[in-house]
Amino acid sequence: MYGNENKKIEREGSNTKEQLEVKASEVFQLKEKFKLQCWDRSFEEWRDLEPQEAFPTNTKFLIILLSASQCTSSSNRCPLASDVSPSLLTDPPPNLPTSSASTIFSTRTDSNWDLHFQLPEFSSAIVDKLQTGSPPLKEAERSAMLEAIYNAVKVYTYYPKTMQYERIIQKLFKVYPKLANQPNMSTGDVQSIWKIRLQYKFSNARKREDSSLPVVQSRKRVRPSLHLSQVPAARKTPPQWGMINYLPQRQESEDDKSIESHIQWLRRENTKKKPHYSRVTEAMSATFSDRRQLIVKEGVSVKQVQELYPWLFDEDEIILEFQRIGSSSITDLIRDGFTKYADAIVTTVKNKKSRPNLVDKAIGDILKYKDESTRHEATKYAAVIAVPTLVNEKLENMLSVVDETHEVKLPVIMEMFEGEEEVSSYTVKVDGFKVTESSNFMSAFAVYLATFYIFNLVYPTALKKTLNFYQRMILNIQDGLPVDKTVMRVVEKINMNM
DNA sequence: CCCACAAGTCGTATGATTGG
DNA sequence: CCAATCATACGACTTGTGGG
């Protein structure tokens, strides 16, 4: 096989690697250097030839040019200059009828199809949008694109490999660079969104359109195994850590004794009516390293932490503690982050069919304010509580109204206390322990987020995506972990409304 | 451990149908 | 004629399995 040309060659007896190479260059009139690979049936992949190897009849060989870029002029063998030209040459089974031999040459066995794969043509409306980058594609248009790609690819395979999905997307991005350029997202993230999108398309299409095909049939699960109902095993996806554990060195001026005296002094100062706040902060800084060790390494309970460091249960100290870990002010981060995204988040959540009452109310309230800065605050509040809805998680797992009797067993929760008509205060609780109380939602929210990092808590499964969104888009803490796909898609949606 | 996938299911964009 | 309502198709999501 060479480019789109497949040719059969006849062999007598066994051939060596060198003989095959000579034959290949004759058949395809190759001038440049190339190497041969053969199809290994047991591994189902192309591999290099061994010297003196004996090949069974009906073996497929692929020609790979070693010098790239011979593809100029009218040649459409090799659509992209950087591509290697794959080529096949086969020897037919001498004693088999040609009809069966023809299946050998069918494109289905072309495992390198993706190298010379041509993108299907899209309608001019779609191409326009892709080239200019705006307005964003409608769902129907994206569907049409996916459908076209599916139809173009299924000629070769119904089950593209990971690499093949990636190559298709790379080609797509090459032709339509605007598609890859999304604000607030790396090209890699956009690429993985498209890869997942293609995988969903193939998965759904196989199930819905092509489920009768033998290739698809052969992958059917044998049995749903009925005794599954016996097992309750609600083993959900595990919770996730938020930030890499931060374990700083103890300050050089400190030793066990001085730390102990700091702790004692802090505890005494906490009971005073007029504590010396700046000294408290100093002592908290001095004991920071020891406190991190205690929380991260020894995993002590929140109650024990409170006994040793009662000051950690104070709004200002929480903010400062976060700053010691993350080196920026969490209130600033939240303010800046939501100043950037609030409007877009609110527009995005408005497109949802249904929202929790609190979110609806918050959105409605925005219009009530005439003053611009009050209005902005209201928008930020609405945006914060809209995030769980956007990523399909429940708001009440984060913010619960206290008079409702349902108890929530989450590590951290904000509770809303309602007085006469008005919300009177917000309380942040860790494991049932009150951390702080605040009259202002945004302060409570800052404490809420900081708490995960300060007490080294996992993100509960029920709020994994919400907290990931806050972490990456608002706090801008990037760990090495791949971004959750739902979170990425929500970012994409929000971008469209920015 | 990670990834692809099947199976089952949900939410909603979109187009057809209905009623005023 | 247009809107409200309905039906359907399709992308997305979850859970569990199997294979590397």
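Note that the structure is predicted; figures quoted are calculated from it, not measured. Protein chains get the first letters and strands the later ones, always in sequence-line order, with residue 1 at the start of each. All values below were derived from every heavy atom in this structure, side-chain atoms included, with hydrogens, water molecules and symmetry-related copies excluded.
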Visitor: Check whether any side-chain N or O of A/R197 sits under 4.0 Å from OP1 or OP2 of C/dG11, and answer yes or no.
Guide: no

Visitor: Would you say B/dG11 has OP1 or OP2 under 4.0 Å from some side-chain N or O of A/S354?
Guide: no

Visitor: Any N or O donor-acceptor pair linking the side chain of A/R208 to the base of C/dG11 at under 3.5 Å?
Guide: yes

Visitor: With nearest nucleotide decided by heavy atoms, which residue, A/R206 or A/N351, maps closer to the 5′ end of DNA chain B?
Guide: A/R206

Visitor: Please work out whether the ring planes of A/Y156 and A/W113 are parallel, tilted or perpendicular, with thresholds of 30° and 60°.
Guide: parallel

Visitor: On DNA chain B, compare the nucleotides closest to A/E139 and A/S203; which residue's is nearer the 5' end?
Guide: A/S203

Visitor: Would you call A/E166-A/K161 a salt bridge at under 4.0 Å N-O?
Guide: no

Visitor: Expressed as a whole number of angstroms, how long is the span from A/Y200:OH to C/dT14:C1'?
Guide: 9 Å

Visitor: State which of B/dA4, C/dT14, C/dG11 makes the closest approach to the side chain of A/K485.
Guide: C/dT14

Visitor: Between B/dT12, C/dG11, B/dT14, which one does the side chain of A/K352 approach most closely?
Guide: B/dT12

Visitor: Rounded to whole Å, please give me the gap between CE in A/M163 and P in B/dA4.
Guide: 12 Å

Visitor: For the pair made of CD in A/E147 and P in C/dG11, what is the distance, rounded to whole Å?
Guide: 8 Å

Visitor: Expressed in angstrom and rounded to an integer, what is the separation of A/Y158 atom OH from B/dC5 atom P?
Guide: 15 Å

Visitor: Counting side-chain heavy atoms from CB outward, which of C/dC13, B/dA7, B/dA6 is closest to A/R219?
Guide: B/dA6

Visitor: Please tell me whether A/F445 and A/Y381 form a close aromatic pair, meaning their ring centres lie under 6.0 Å apart.
Guide: no

Visitor: Taking the basic N atoms (NZ, or NE/NH1/NH2) and the acidic carboxylate oxygens, is any pair closer than 4.0 Å for A/K201 and A/E147?
Guide: yes

Visitor: Could you work out which one of B/dA4, B/dA7, C/dC13 sits closest to the side chain of A/T486?
Guide: C/dC13

Visitor: Report the distance from atom CD of A/E141 to atom C1' of C/dG11, rounded to the nearest whole Å.
Guide: 16 Å

Visitor: Taking atom P of C/dC10 as reference, at what distance in whole Å does atom CD1 of A/I196 sit?
Guide: 21 Å

Visitor: Answer yes or no: is there an ion pair linking A/R324 with A/E321, defined by an N-O contact shorter than 4.0 Å?
Guide: yes

Visitor: Specify the separation, in whole Å, of atom NZ of A/K195 and atom C1' of B/dC2.
Guide: 11 Å

Visitor: Calculate the interatomic distance between A/N204 atom CG and B/dC10 atom P; express it in whole Å.
Guide: 15 Å

